[in-house]
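First the structure, in the form of structure tokens, and then the observations on it.
For the numbers below, each heavy atom of this structure counts, side chains included, while hydrogens, waters and symmetry mates do not. Letters go in sequence order (proteins before strands), and every chain restarts at 1.
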Amino acid sequence: MLANSLIVLDFETTGLSPVQGDRAIEIGAVKLENGIVCDRFQALMNPGQPISPFIESYTGISNQMLAKAPSCQQVMTDFAAFIDGSNLLAHNASFDARFLNSEFDRIGETVRGEFACSLLLARRIYQQAPNHQLGTLIDYKNIAANGRFHRALFDAEMTAQLWLIMLQELNTGYGIENISFSFIKRLAKTPKAKVNALLASYTSKDVNY
DNA sequence: TGCCAGGCCCTCTTTAGGGCCTT
């Protein structure tokens with residue numbers, strides 16, 4: 001079942017590319033079970049390098065805050081225990097997956113769960129949205145947002161709420177129930193012009209697709 | 001708000017280019 005034990009996560013980082021030496025500075029995540037947030041994880045981590053004024057401004061996380069934070073190794077070890085092989089979700093998952101893989105590589109961990117992407121799904125089912133940035137979609141769907149975007153836990157919470165709304169609308173709009181994780185991934189990879197046809201053709205046999 | 005990268009996805013495409021997303 002899709003909503004069972006799904007970890008929604010978000011990284012704040014020193015930049016865009018771990019290949020270029022960028023590191024994680026904060027991880028936030030919520031655990032969804034049966035459509036309900038049942039656990040949370042949040043931690044700043046010291047990347048061992050100063051962050052730029054741009055990142056300080058963008059995230060509200062300062063070098064002073066990170067100087068007091070535990071190491072990436074310590075935090076990511078704790079986070080590996082938190083996710084424990086669950087399937088994963090993020091907004092623009094390719095970005096978070098790169099950093100999760102990079103930070104896990106450094107501590108000898110591997111990502112065992114599968115990743116889904118709320119951005120790809122939103123681009124399919126909200127084709128009329130002004131754009132598909134997380135903040136825009138939260139506003140577009142009138143989801144209550146009391147917090148600061150670009151902090152990891154808040155973005156993870158908002159991504160989780162957006163995800164649940166999308167599942168609910170797939171249910172009410174297309175009669176799709178008990179949708180599988182793999183069907184959502186299939187939907188996210190379907191060309192936009194063929195999304196409606198796929199949804200209209202959905203049958204119960206797709207539950208375990 | 002920009003740069004760095006990479007995946008997705010569209011189009012005046014596929015022998016390519018550029019916008020959108022993430023920090």
Is [X] touching bases, backbone alone, or none of the nucleic acid, heavy atoms closer than 4.0 Å?
{"X": "Lys189(A)", "result": "nothing"}
{"X": "Asp96(A)", "result": "nothing"}
{"X": "Leu134(A)", "result": "sugar-phosphate"}
{"X": "Thr59(A)", "result": "sugar-phosphate"}
{"X": "Ala122(A)", "result": "nothing"}
{"X": "Phe11(A)", "result": "sugar-phosphate"}

Q) Can you tell which of dT22(B), dT23(B), dG2(B) lies closest to the side chain of Glu12(A)? A)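 Among the listed nucleotides, the one closest to the side chain of Glu12(A) is dT23(B).
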Q.
Below the 4.0 Å mark, does dC20(B) have OP1 or OP2 next to a side-chain nitrogen or oxygen of His132(A)?
A.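 For His132(A), the contact criterion (side-chain N or O under 4.0 Å from OP1 or OP2 of dC20(B)) is not met.
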Q.
Please tell me if His91(A) has a side-chain N or O lying less than 4.0 Å from either OP1 or OP2 of dC21(B).
A.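 For dC21(B), OP1/OP2 do not have a side-chain N/O of His91(A) under 4.0 Å.
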Q) Excluding sequence neighbours, so at least two apart, what forms side chain to side chain contact (heavy atoms under 4.5 Å, CB included) with Asp39(A)? A)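 Side chain to side chain contact (heavy atoms under 4.5 Å, CB included) check on Asp39(A) returns Lys31(A), Phe82(A).
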Could you measure between the two [atom1] atoms, the one in [N] and the one in [M], and give it in whole Å?
{"N": "dT13(B)", "M": "dG6(B)", "atom1": "P", "answer": "27 Å"}
{"N": "dC4(B)", "M": "dG18(B)", "atom1": "P", "answer": "14 Å"}
{"N": "dG7(B)", "M": "dG2(B)", "atom1": "P", "answer": "22 Å"}
{"N": "dC21(B)", "M": "dC3(B)", "atom1": "C1'", "answer": "16 Å"}
{"N": "dC8(B)", "M": "dT14(B)", "atom1": "C1'", "answer": "16 Å"}
{"N": "dT22(B)", "M": "dT15(B)", "atom1": "C1'", "answer": "31 Å"}

Q: Using distance alone, with no hydrogens and no angle criterion, decide if Tyr140(A) and Asn131(A) have a side-chain donor and acceptor under 3.5 Å apart.
A: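 Looking only at side-chain atoms, Asn131(A) and Tyr140(A) do not form any donor-acceptor pair under 3.5 Å.
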**Q.** Distance-only polar pair, side chains of Asn46(A) and Ser71(A), donor-acceptor under 3.5 Å
**A.**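 Checked: Asn46(A)/Ser71(A) side chains show no N/O donor-acceptor pair below 3.5 Å.
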Q.
If hydrophobic clusters are built by linking Ile, Leu, Val, Met, Phe, Trp and Tyr wherever their side-chain heavy atoms come under 4.5 Å apart, do Val111(A) and Leu32(A) end up in the same one?
A.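 Hydrophobic grouping puts Val111(A) apart from Leu32(A).
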Q) Hey, which of these two, Pro130(A) or Val19(A), hits DNA chain B nearer its 5' end, going by closest nucleotide? A)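 The 5'-side residue here is Val19(A).
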Q | Test side chain to side chain donor-acceptor pair (under 3.5 Å) applied to Ser52(A) - qualifying residues, sequence neighbours left out | A |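 By the side chain to side chain donor-acceptor pair (under 3.5 Å) rule, Ser52(A) matches no residue at all.
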